[in-house]
Amino acid sequence: MDYNFKDIERRWQEYWEVNKTFKTEDDYSNPRKYYILDMFPYPSGSGLHVGHPEGYTATDIIARYKRMKGYNVLHPMGWDAFGLPAEQYAMKTGTHPSITTAENCSNFRRQIKAIGLGYDWDREINTTDPAYYKWTQWIFIQLYNTWFDHNENRGRPVSELSIPEEITAKGAAAVQEWIDSRRLAYYDDASVWWCKSCAIVCANEEVLSDGTHEKCDNTVIRKNLKQWLLRIPLYAERLLEGLDSLDWPEGIKEMQRNWIGRSEGAEVLFETEDGKDTIKVYTTRPDTLFGATYMVLAPEHPLAERLITPGMRESAAEYISKAMVKSDLVRTDLAREKSGVPTGSFVINPVNGKRLPVWIADYVLMGYGTGAIMAVPAHDERDFEFAGKFGLPVECIIDPATDCQEQRERVLNAKECWSGDGHYINSSDSTRGIDINGLGKAEGIEVITRWLTEKGAGSPKTNYKLRDWLFSRQRYWGEPFPLIHWEDGTISVVDEEDLPVELPPLTNYHPGEKGESPLANAEEWVNITTADGRRGRRETNTMPQWAGSCWYYLRYIDPGNENAIFDQRKERYWMPVDLYVGGAEHAVLHLLYSRFWHKVLYDLGVVSTDEPFKKLFNQGMILAFAYENRAGAKIASDLVEEREGKFYHKESGEELKQIVAKMSKSLKNVINPDDVIERYGADSLRLYEMFIGPLEATKPWDEKGVKGVHSFLARGYRFIAGSENINNNGTENSELAKLLHKTIKKVESDIVEMRFNTAISAMMILLNSMMKQGTVTRETASIFVLLLAPFAPHLAEELWRVLGNNNTISNEEWPPYDESYLKEDSFEYPVSFNGKLRFRLELPLSATPPEAENEVMSDERTARWLKGGKPKKIVFVKGRIINVVV
RNA sequence: GCCCGGAUGGUGGAAUUGGUAGACACGCAGGACUUAAAAUCCUGUGGCCGUAAGGCCGUGCGGGUUCAAGUCCCGCUCCGGGCACCA
């Protein structure tokens, strides 16, 4: 009676498929719905790796558990299938990406089914399906037709914009321009990252901090191209506030907060010496205005050119042109060494009338604030460094709040920078009626900001780091924009009834000239002539991969709907997603973009919730063992042999150190789920994925561990399928019944808290105990199988049948535990002396402290540890511990 | 540099959130079954001393709080992740 997992798993997977066991109905009569979502995968050519089934198994366990608890569960799967690899393959071979994509999806689907994951495959979606991206395009049109009303703090249709008369007076073109400048989606020249090797524009986020493209590792350069951008910063405050109500890991919320990067400060106006221009700067420290000794403009600042005096023309022009060519990354790369040039112009400090020289330096970024700063070297590290390098004055205006006298001296003498709190000095101007001397930072900021506002020289201002989202790519394999550029320069969106705008077939997948998308090659598709002879060109950019994944969770709700993005009633029933599980690599981008779109759709009344994902959980990465020699060189796994728990190089015999590293082809330590299923079965794969460690932890895959859980399943099978072990009559032994009910409780709470590793351990303990006892009742065996069902469903189904049931275990009720079995009436107290455990003492749980004290004192072992002394105090914690202090 | 995590036997990890450190599993050692091997089953397994009973030490390092610290506080070291001239 061997555990024939291959046969068992094949049969039950077929059963589930034929009977549509996991089909989800929109059962409005059941108010207890549970929407549990996995981050859908990009179906790569190499198939699943063991990281995918980790999260999928976790959600599958919860989904199966929730079904057993009577919830209506929505647990779907789909494919984020647009992407570069299929397109690059097309360039090389001419195979249409849709063919490659379909093959990869089939392979992923086959692999996922082989794991026994209970998805409703009737709800499968694919971002590359025109029936799906029709609605991605539809959402883009909604974004295009939405503006953000700051008064109401929400997005509204552009049809509700009230156009000021002075704009109307200027004519239709001015009106159009005015409206366009308010749309959430806009078309503009953008300085973008260009990857020569991929011939693609990259989003800021796709460029790594070393200046390389995350997809191909080649260095990117700057390029100016017409691009589509989304005004996500308008939603910065909403995106920030929304985080507070979400049950997400604190770390992820913090990352989003940092990404949004809210900062409060003030804008300050500086007039140039000649009074001809006004320069606006942004500062979080308006209180340090008295310490400003110069001003810096970003090289791209519109006034930079104008302010350069004739004498400075040559050096400044050269500096600016060099800085413009440099990428931001090179600029930040050289962060340690500051550079800049003086313009020769001066501005007047509004608080004291002092003349401040204006410099141009690339440590000031045009993209943040106003692209100009007031420099306060005494109280800002960057300015301090710059002033030091170029010999600019440093004026201390804060007596620092530090205990270190020496440091205080250095700061007061402008030898050291102090950005912390303290009391102001040299910060008054009687003629202008301003004095903050003696005040602290918080008050200083308030007083100066108020003064600036009163004098019209500034105002409070909140800034965000979050930038407009570059939303177009020069690719073929992405969603086409539903847009037409007319020959008169105007743009219009495609009528909704004409959606989807489908990708045309192509023979040449290479990019067009001047960085155009390959779609530019499809001339028949691109060129449009209307019935009245108006000519235009379709937008040839396509949307980034984020687009399809931004809203896929909504389409699962009503995937086949041809008339609407989804049925409103269904949306109200299923949303929000109750639990969303995926990797932390999507902490910022995917999750922020999704939230943004969702909020826009909410403002437009399309969705009923303000946030899409109520609870988020990030699974940790699964790594693998790797080997390293003494010199620290990594050795491929196929060159390593294990002897007596140590590792040696097969050829040189050198002893190697076992380390933990990412799975990689070069280290030959990649684990393929197919192989694991072949050797140990899907249930063993699932169980090991969960047993390896806490779901959120980074942990190494160990083949030996798979063997361990496999033998647990095999023992379970042999024990329960062995009829001599099952007692059809009689009641269970009370010790075992106690353990059984304890285990039900433990497994249930561990599932709810997503601590699957300890749940499995509890089931192992139970089985060990059952086997030790030899015979158990049919009820005990049945409950064990029910507990196992969410984790190892194939085996559980099989054993359920062996125990005489005819239906699938998937629809059985989760066993309740009986509290009366959990009550103990005595406890074996650990008795310690001065905190050191010395012996154990069995006492009734009803024992009062004096009774316990008596018992301890009268125990013969106590005398030994008192060593003739008297106890100072006896600590008694009921049901926990007794500690005698001597 | 800043912001988050983390460090427990030979290994992966448990520890009711301040109360018996090392559950469960792997590995290893010994034994049973076997002609033999695999599989399976049983026993042992943190380190040191001891035949044993037992004792001492022990959760990255150094302090502290407490009757009691893996858990809380202060100061470090190392590892992982994120951000990085954001004024």
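Quick caveat, the model's predicted, so the values are computed rather than measured. Proteins get letters first, then strands, A, B, ... in listed order; numbering begins at 1 in each.
Backbone-only engagement by A:V885 is indicated by non-hydrogen atom pairs under 4.0 Å involving sugar-phosphate atoms exclusively. When heavy atoms are screened at a 4.0 angstrom cut-off, A:G251 is found touching the sugar-phosphate backbone but no base atom. Using a 4.0 Å heavy-atom distance criterion, A:S263 is classed as a sugar-phosphate-only contact. Nucleic acid contact class of A:F691 (heavy atoms, under 4.0 Å, all strands): base. Residue A:R257 is out of contact with every strand shown, counting any heavy-atom pair closer than 4.0 Å.
Considering only side-chain N and O atoms, A:R755 lies nowhere under 4.0 angstrom from the phosphate OP1 or OP2 of B:rC24. Checking the phosphate oxygens (OP1, OP2) of B:rG81, no side-chain nitrogen or oxygen of A:T698 falls inside 4.0 Å. Dashed line: the shortest gap from a side-chain N or O of A:Y368 to OP1 or OP2 of B:rA87 is under 4.0 Å. Phosphate proximity of B:rC26 to A:K699: absent, as no side-chain N or O sits under 4.0 Å from OP1 or OP2. The shortest distance between the side-chain N/O atoms of A:N757 and the OP1/OP2 oxygens of B:rA14 is below 4.0 Å. A:N768 has a side-chain polar atom (N or O) that falls below the 4.0 Å cut-off from OP1 or OP2 of B:rA25.
Here the P atom of nucleotide B:rC85 and the NE2 atom of A:H379 are 23 Å apart, to the nearest Å. The interatomic distance linking A:Y717 (OH) with B:rU40 (P) rounds to 16 Å, in whole Å. In this entry the distance linking CG of A:N834 with P of B:rU66 reads 15 Å, nearest Å.
Salt bridge annotation for A:R861-A:D859: present, with a cationic side-chain nitrogen under 4.0 angstrom from a carboxylate oxygen. Salt bridge status for A:K699 with A:E54: present, with a side-chain N to carboxylate O gap under 4.0 Å. Checked for salt-bridge contact, A:D383 and A:K338 miss the test: no charged N lies under 4.0 Å from a carboxylate O.
The one candidate from A:F5, A:F691, A:Y688, A:Y717 that meets the ring pair (Phe, Tyr, Trp, His ring centres under 6.0 Å) condition with A:H710 is A:F5.
Between B:rA25 and B:rA36, the two P atoms lie 29 Å apart (nearest whole Å). B:rC24 sits 36 Å from B:rC74 when the C1' atoms are compared, rounded to a whole Å.
Residue A:K704 has its side chain nearest to B:rC26 when only B:rA15, B:rA87, B:rC26 are considered.
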Please table the atom pairs, donor to acceptor, closer than 3.5 Å between any side-chain atom in residues 756-767 of chain A and protein atoms at least two apart or in another chain.
{"residue": "A:T758", "atom": "OG1", "partner": "A:D750", "partner atom": "OD2", "Å": "2.8"}
{"residue": "A:T758", "atom": "OG1", "partner": "A:R755", "partner atom": "O", "Å": "3.1"}

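Within residues 708-716 of chain A, the residues that have a heavy atom under 4.0 Å from RNA chain B are, in order of number, A:G708, A:S711, A:R715. Interface residues of residues 738-750 of chain A facing RNA chain B, ordered by number: none; criterion, heavy-atom separation under 4.0 Å.
Both distances falling under 3.5 Å, in either a Watson-Crick or a G-U wobble arrangement, occur for no nucleotide opposite B:rC33. Applying the Watson-Crick and G-U wobble criteria (two distances, each under 3.5 Å), B:rC28 pairs with B:rG44.
Between the base of B:rC26 and the side chain of A:K707 there is no donor-acceptor pair shorter than 3.5 Å.
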